[in-house]
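Please read the structure below before turning to the comments.
Just so we're clear, the structure is a prediction, and the values are computed from it rather than from any experiment.
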Amino acid sequence: MKEYSTKDIRNVVLLGSSKSGKTTLAEAMLFEGKVIDRRGTVEDKNTVSDNDELEKLNQRSIYATPLYAEFMNTKINFIDAPGSDDFIGGAYSAFKVCESGVLVINAQQGVEVGTQGFVRRAEEKKLPLIIAVNQLDAEKADWDNVCASIKETLGGKTINIQFPVNAGLNFDGFVDVLSNKYYHFKDANGTREELEIPAEFADQAEEARQALIEKAAEFDDALMEKFFEEGTLSEEEIHSGLNKGIAAGELYPVFCASAKKNIGTKRIMEFIKDVAPVPAVKEDGPASLFIYKNDVEQHLGEVSFFKVMTGTITTGMDLEDPATGNKERLSAIYAVAGLKKESVTALHAGDFGAVVKLKAGKSGTTLSQPGSGLKYDKIVYPAPKYRCAIKAKVQQDEQKLGDALKKIASVDPTVIVEYSKELRQTILSGNGEQHINIVKWLINNEYKLDVELFAPKVPYRETITKVATAQYRHKKQSGGAGQFGEVHLLVCPAEGELNTKFKIDGKDTQLNVKTQDISEMEWGGKLEFYNCVVGGAIDLGFMPAILKGIKEKMNEGPLTGSYARDIRVFVYDGKMHPVDSKEIAFIIAGRNAFKEAFRNAGPKILEPIYNVEVMTPSEYQGAVMSDLQNRRGMLGDMGADKGFAILKARVPLAELYRYSTTLSSLTAGSATFSMEFADYQPVPGDVQTKLLAEYAAQDEEE
C-alpha cells in the first residue's frame, strides 16, 4: 500500500438503522476500492464486515468494523457502525475519529427512530452527514415517501444530488444533477454507463440542478454573487459551496443507491473524495495517536485500532502513554479491513491503523512521543439503559466470572461491571437486553462458564420524617474489665434551618451545641451530628465513638438494611463509668440508641427515580404512555420532533427492569429511550409495607 498524506485521506462512519444495508454498502465500497474482488452478502455470512461469529449468527452488526478503500488516489477509511441502539458504543467510537458520516436510509421505511437518533447525535458532535437512500431496488421502495420523511427530519438542510430511474424491482439507474449525467447500470456488479440525461427527465433534472446550485451558493458570498450575475456555477464551484455547507453541518446531500446491486456506490465514493472534509490534524510535528477501539483476535491476541492525530507513525517507533508514563513500542503497524491486515511502514496524520500486543492498548488511550505533552480526551459513551445482577451457577467459578467480565468490558467499554457492596451483588449494565445477552453468550461460549442473570436489588435509601428520642445503656460485666456506656439522643430530618428547641420527656428543652460534625454520605445525602451534652455526662473523647456507631447503623438502615440519609442527631445526655467506659461501649450504645430513635421517627423508605425520555412513532404513543403509568411513572412534558412523539416521565428504578425489551415489543422495535438518575423520593405506603415484609422474611431466613 502506498503512503497517503493527510490531504488524500477521508474518514467516514457508516450509520443507519438495522436492516438499512450498511454492511452491504461497506462490501460494495471495498469492491470499488479493490480491497476485495468479490462481494459477500450478510445472508451468506461472508462479508468483510460482520465477520465475528456472533454477527454471523445474528446477521447484524454488533461491533464497529474499521475498513478502508484505495480509490482515485485517495484512501477512504470507513467504519461500519452497528445500527441497533443496543450496540451504540461502536458509533460513539467512530464519532470520535471520523470527520463525516454516510447515513444509510432504507427506501422502504424512510426515516426511522434509529435514523433520527443518529442525526441527533451527529448534530451534537458536529459531524457532517451524507445521506444514501439504499434498497431502491426493493419492491416497496418509495423515493417520494423517503424524501418527504428526510425533509421532515432535516428540514431545509437537505438537497437531492440525484433522483432514481425505475425505483423498485427494476431499479437500474439515476440522474445525477451535480455531474449532469444519467448513470445506467448494466449488471449487479456496478458496471455503469455514463449517458446524457434522457429527454423525459430533462425538466425534472434542470429544476433539481437549479435547486442544487442555489443551495451551494448559500454558503459562499462570492459564489452567491456569481450565481446572481450568471444564473449558474461550474461543477468545481458547486463542489466548493457544498463542501462549506456540509462542513458547517448545514447541508445534507442525498444520493440514490442499491448496495446489493452496487448501484450508486462509486458515485458516493467520488463525492466523498471531492467534497467530504479532510482530517483537521497536523501532519508535521511530534507523532501521536488515539486508540478508539480494541479487540482480541484469535492467533493475534489484543489488537488496538487507532487514528494518527499528529505527525507520522512509523514501524518500530517508541511512544508513551502521557497519563501513566508507560512506554510502548510499535513493532508493526497495519492498515485494516475487517480481519485483513496489511503491514505498512508509515501512517500520516489523519490515517487509521492498528497495532498488536501493546501492554496497555485500551480504548481511549493516547500514545505520543515522549515530552510532547500531547493527550486527547477519552470517548464519552451514553449511560447504560439496562442493568441486571449476574452470578456464576457454581460458586467456585465466581473468580473466573470476574476475570471474564473484566476482559469483555475492556473490549466493549459500554459494558459496565461493578460489585455493589450495598446490594451484595455483581451488577452488569449495558445498552439493552440484547447487549447483555451477547455478554452472556460470550461467557457461556468463549469462557465456558454457566451464569445466571436476574433482577438486581434496588438501592433504596432510608430516612425519617419526624422527631424522636431514645436512650440506650450498654453494660457488660464478665470478670475482668467491664464495658459501660449510656447515650441519650434525639433525631429529626436534616432539612431547613437548624432548630435546637425540642420537647423532650414532655418538657420544652433548648439544646446548646458544643461541637458538631456534618458528613456528606458517599451514597448521597448527609448526617448532621451535634454534641449537646452538658455537665460532663459524657467525655468529649467518646463523641467520635458515638458518631461511629451511628454511621455503622446508617450503613445498614434499621428498616431494610439500605443506606440511611439526611438525618440530624443531637446527643444531649448520657452516662459513663470511670473505669468501665470504653470506646466500644459508646459505639454500641450510640448505634442502638440511633436504631430505636429512627424506628420511632416516622421512618420512610426512599427509592431512586429516573428521568425517562422515549422517542416513538406517534401511532404507539398511547401504548407507551399507558405502560409508563403502569410502572408508577409520572408523565411530564410531551412533544413532537420531526414526526416522532417525545414522552418524558419520572419512573422508579424498581419498575424499569427489562423496560427496553417491553418498549421494543410495544412499538415493533421502532422506539428508543434514554434514562438518567433524577433523585430519591418516598415510596408509596403499600410499597413500603411490602418491602418491610420482604425484609423481615429474608431476615428470618438468614
Side-chain angles (χ1 to χ4, degrees), residues 14-29 39-44 47 49-50 58-61 80-87 91 101-119 129-154 158 160-175 183 185 188 190 252-265 267-268 615-620 641-645 664-672:
L14 303 185
L15 302 166
S17 296
S18 295
K19 307 301 181 185
S20 61
K22 297 182 296 6
T23 297
T24 308
L25 178 61
E27 200 76 1
M29 292 173 71
R39 292 179 294 129
T41 68
V42 173
E43 294 75 20
D44 290 337
T47 54
S49 184
D50 289 7
N58 289 273
Q59 294 199 6
R60 67 191 305 176
S61 298
D80 180 13
S84 168
D85 218 34
D86 278 51
F87 310 108
V102 174
L103 182 66
V104 185
I105 297 177
N106 187 332
Q108 304 171 91
Q109 304 295 334
V111 173
E112 302 170 76
V113 170
T115 320
Q116 174 83 348
F118 283 124
V119 170
L129 292 177
I130 297 163
I131 296 173
V133 178
N134 191 26
Q135 301 182 39
L136 280 163
D137 59 319
E139 184 178 0
K140 295 181 180 178
D142 189 331
W143 173 255
D144 292 335
N145 180 63
V146 76
C147 284
S149 70
I150 291 170
K151 193 162 283 291
E152 185 176 13
T153 302
L154 296 167
T158 63
N160 289 356
I161 303 294
Q162 303 163 346
F163 60 84
V165 174
N166 300 324
L169 294 175
N170 296 318
F171 177 56
D172 62 355
F174 51 82
V175 171
Y183 293 91
F185 292 81
Y252 298 98
V254 182
F255 288 79
C256 300
S258 163
K260 188 176 181 180
K261 292 183 176 180
N262 195 15
I263 295 177
T265 311
R267 190 71 187 112
I268 291 169
M615 175 184 280
T616 176
S618 53
E619 61 262 36
Y620 301 114
D641 184 14
K642 298 162 184 171
F644 295 93
S664 180
S665 176
L666 284 173
T667 63
S670 62
T672 186

Heavy-atom donor-acceptor pair, [X] side chain to [Y] backbone, under 3.5 Å:
| X | Y | result |
| --- | --- | --- |
| T153 | S149 | yes |
| Q135 | A107 | no |
| N106 | Q108 | yes |
| R267 | F255 | no |
| S17 | T115 | yes |
| D142 | N145 | yes |
| Q162 | C256 | yes |

Return the [atom1] to [atom2] distance between [X] and [Y], rounded to the nearest 0.5 Å.
| X | Y | atom1 | atom2 | answer |
| --- | --- | --- | --- | --- |
| S670 | E112 | OG | CD | 8.5 Å |
| F163 | W143 | CZ | CH2 | 9.5 Å |
| I263 | I268 | CD1 | CD1 | 11.5 Å |

Between the side chains of [X] and [Y], is a donor N or O closer than 3.5 angstrom to an acceptor N or O?
| X | Y | answer |
| --- | --- | --- |
| T672 | D85 | yes |
| D50 | T47 | no |
| E43 | Q59 | no |
| S61 | T23 | yes |

- Message: As a test of understanding, state which of T265, D172, D137, T24 forms a side-chain hydrogen bond (donor to acceptor under 3.5 Å, both in side chains) with S258.
- Response: D137

- Does a side-chain heavy-atom distance below 4.5 Å link I161 with V254? no

- Item | Contact check, side chains of Y252 and I130, non-hydrogen atoms, under 4.5 Å | no

- Query: Between I150 and I131, is a side chain to side chain contact (heavy atoms under 4.5 Å, CB included) present by the stated rule, with each step listed?
  - Reply: CA-CA 9 Å; I150 291 170; I131 296 173; 3.9 Å; yes

- Message: Using a 6.0 Å cut-off, check whether atom NZ of K261 has over 12 heavy atoms from anything other than its own residue.
- Response: yes

